[in-house]
2 protein chains.
Amino acid sequence: MVVSIRDVAEHVGVSLGTVSNVLNRPNTVNADMVARVLEGIRELGYVRNDAARQLRAGNSRTIGMIVQDSSNPFFADMARGAEDQAEVGGRMLIVGNSHQSAERELRYIDLFEEQRVQGVFLAPIDDLTERLKQLRQHRIAPVLVQRRVSLDDFCSVAGDDEHGGYLAVKHLLDIGRRRIAFVGGPVSIIGIEDRLTGARRAVDEVADATLEVIDTAELTVGVGRSVGEQILDRDRSRRPDGMFTANDLVALGLIQAFVMSHSIRIPDEIALIGYDDIAFATAAVVPLSTIRQPGAMFGVMGVSLIQEEVDSPGGHTHRQVLFQPELVIRESTAGFPDAAA
Amino acid sequence: MVVSIRDVAEHVGVSLGTVSNVLNRPNTVNADMVARVLEGIRELGYVRNDAARQLRAGNSRTIGMIVQDSSNPFFADMARGAEDQAEVGGRMLIVGNSHQSAERELRYIDLFEEQRVQGVFLAPIDDLTERLKQLRQHRIAPVLVQRRVSLDDFCSVAGDDEHGGYLAVKHLLDIGRRRIAFVGGPVSIIGIEDRLTGARRAVDEVADATLEVIDTAELTVGVGRSVGEQILDRDRSRRPDGMFTANDLVALGLIQAFVMSHSIRIPDEIALIGYDDIAFATAAVVPLSTIRQPGAMFGVMGVSLIQEEVDSPGGHTHRQVLFQPELVIRESTAGFPDAAA
DNA sequence: AACGTTCTATGAAACGATTCATGAACCGAT
DNA sequence: ATCGGTTCATGAATCGTTTCATAGAACGTT
């Protein structure tokens, strides 16, 4: 029923080594032999068994990626970039979704290791340094989406989150806001912590500015909405006048809550700025100011770094690629264009 | 360097079969033997080689999925559902992105077949009936996201697109619109064709209603934006007063174009309805009316059907699961709540 | 005719797991 | 002491590839 390379060999009347050569080194085989073998493969409907290939050859052609939240378009962009780049190198990308659960993250790492992937690309939730070093010993190249990694151990891709956080809050202060709130979390995640640090630095530069930190368990539209409702419950005087969220989803949730209530006007009463610049930020009820990061490029670069490490078996020096974020101003921190006219 | 099951066996001082039994049938092995072996595995950092496992056992533990556009949140939802369900059965999901290219679609199918996945879950672009029958012969279960499949050959999951299209345009007609436009494509894709058919049926029920079809190459925000600009270029009298788009992304693009121009008011001049009800539809500049489909459920059900077929080696009768779409009315086809008040 | 070179086909060995027929060890009953 | 029954460890065979040392064929050169 299932056709092996040996069946093809018998059918064509050549040795099994020749069929393998046709598949892997066609230039070492006589041209019409190649034609005959390919014909036989077609006739029998032979499909190479990759497990056997991998077992013998000792390497897989896949790269594993773990994202924290596949429904976040920013991660979707990253995954798309990663997939495209993997394809360039003739590799395949397997994406796992950790849902921000450290346990699922570890399970995927185990799974990827059993698959003998060539590399793993991930934004770790927990500190995985030890586990990742183990991976490296098993010839799997880990590449992180995270800034603060010990330089010698891993390649990494990151945005300058501290600077991004600074840019965001500096902008809020520049348009005259003083009661700043940061929404996001868990702040134990390094990138988020950095954004908060940058925010704090900006606030500290202005004498009468204050920073309130609203720590959340995750970064979703739903979380944004419930924080928004919580803000709505407050006395008007106790509300912030400028809010910076750790990503765009949370900001979109806030916008929904505020707009639906009809009682808080954006940006008049509260100005809002997000992070990532996902495609939907432009299309929001109130188009969202944000800090832009090149999501797809993160993916492309991450996979490139894996390929670099894999393809240079001798000396490989780890690289830290840092992308500079960029402030994008839209209506959520500016007057409406109409108002200006 | 690399630790095999044999190394573990030697290290612990047992036979290699015993180690395998500990891994696969621990209940047939004496309890403290299990403990000793596990200890050895830990000490040596042994990780099972899945390629070898799969070669010998003859089956993989993975399911392949091909999506047409990973940046569409609807597909992201579907993939998440599929992944969750795969995990329930102890399987792993591999997702490939065809970018609506029939060629990439075929490449992924080949790849999945080499991997000997247990099943493939996909919304085919081309007619793949023959190729998928080949897959089945090789013991790979194909499940389609598509309605019109010959009942006997495959399981499938689908929304009732024809009914959805009808609901959408019926709603536009109900609020008094008569010059209807359908935006989407390519209409050769079955689901899209069905939505158009439903739209046409609704239009035909009303004497003075007309339907204009704007065929597009893909279904993205960018396409929506450019169709929007094209509408803006028209004489006011030649514009539609109700538009139905084949998915929400296109509708969001239209909204962006119209709102940015400040010359077309939604829904006053043009009412708009999309399809899918992605999370961002609620948060749009003008919250978008749409036809809701349960994306995650599509994924869950699709993978369930694969598991059903795989786990019942004897008789399996193919099932067609049809989800009923649901009309969701928001501001893009209604007066603003303010206006009503 | 003998030799060296180049080209190409051959098939046994190996990769690392699972499977399964075999039998050793033990136990309780006769 | 023997026997039947259980429990459990053993290791050779096997899965389908790739690799590689070997050798046959063909050709040109001396």
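Proteins come first, then strands; the chains are lettered A, B, ... in the order of their sequence lines, and each starts at number 1.
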Exercise for the section: Sequence neighbours left out, what passes side chain to side chain donor-acceptor pair (under 3.5 Å) with B/Gln54? Give chain and number order. Expected result: none
With the criterion being N/O to N/O and under 3.5 Å, what pairs connect the protein with nucleotides 11-16 of chain D, and how long is each?
unit_1	atom_1	unit_2	atom_2	d
D/dT14	O2	B/Arg56	NH1	2.7

Handout entry: With sequence neighbours excluded, residues passing side-chain contact (heavy atoms from CB on, under 4.5 Å) with A/Ala158
Key = A/Arg147, A/Leu322
Fill in the blank from the handout: Those residues at least two apart in sequence (or on a different chain) that pass ring pair (Phe, Tyr, Trp, His ring centres under 6.0 Å) with A/Phe75 are none
Exercise for the section: Only pairs at least two apart or in different chains count here, so list each side-chain hydrogen bond (donor to acceptor under 3.5 Å, both in side chains) that has a residue in residues 63-82 of chain A. Expected result: A/Asp69-A/Ser71, A/Ser70-A/Asn97
Problem - Any residue meeting salt bridge (Lys or Arg N to Asp or Glu O under 4.0 Å) with A/Arg42, in chain and number order, not counting sequence neighbours - result: A/Glu39
Handout entry: Selection residues 28-66 of chain A - residue pairs positive for ring pair (Phe, Tyr, Trp, His ring centres under 6.0 Å), sequence neighbours left out
Key = none
Exercise for the section: Under the side-chain contact (heavy atoms from CB on, under 4.5 Å) rule, collect the residues that match up with B/Arg136, sequence neighbours excluded. Expected result: B/Pro142, B/Phe154, B/Glu309, B/His318
Fill in the blank from the handout: the helix from C/dA1-D/dT30 to C/dT30-D/dA1: angle between terminal helix axes, five bp per end, to the nearest 10 degrees, reads 50°
Practice task
Identify, with sequence neighbours excluded, every residue that meets side chain to side chain donor-acceptor pair (under 3.5 Å) alongside A/Ser188.
Solution key: none
Problem - Outermost nucleotides of DNA chain C that come under 4.0 Å of a non-hydrogen atom of chain B - result: C/dG16 to C/dT19
Exercise for the section: Please collect all salt bridge (charged side-chain N to carboxylate O under 4.0 Å, His left out) contacts where either partner lies in residues 47-59 of chain A, sequence neighbours excluded, each pair once. Expected result: A/Arg48-B/Glu114, A/Asp50-A/Arg53
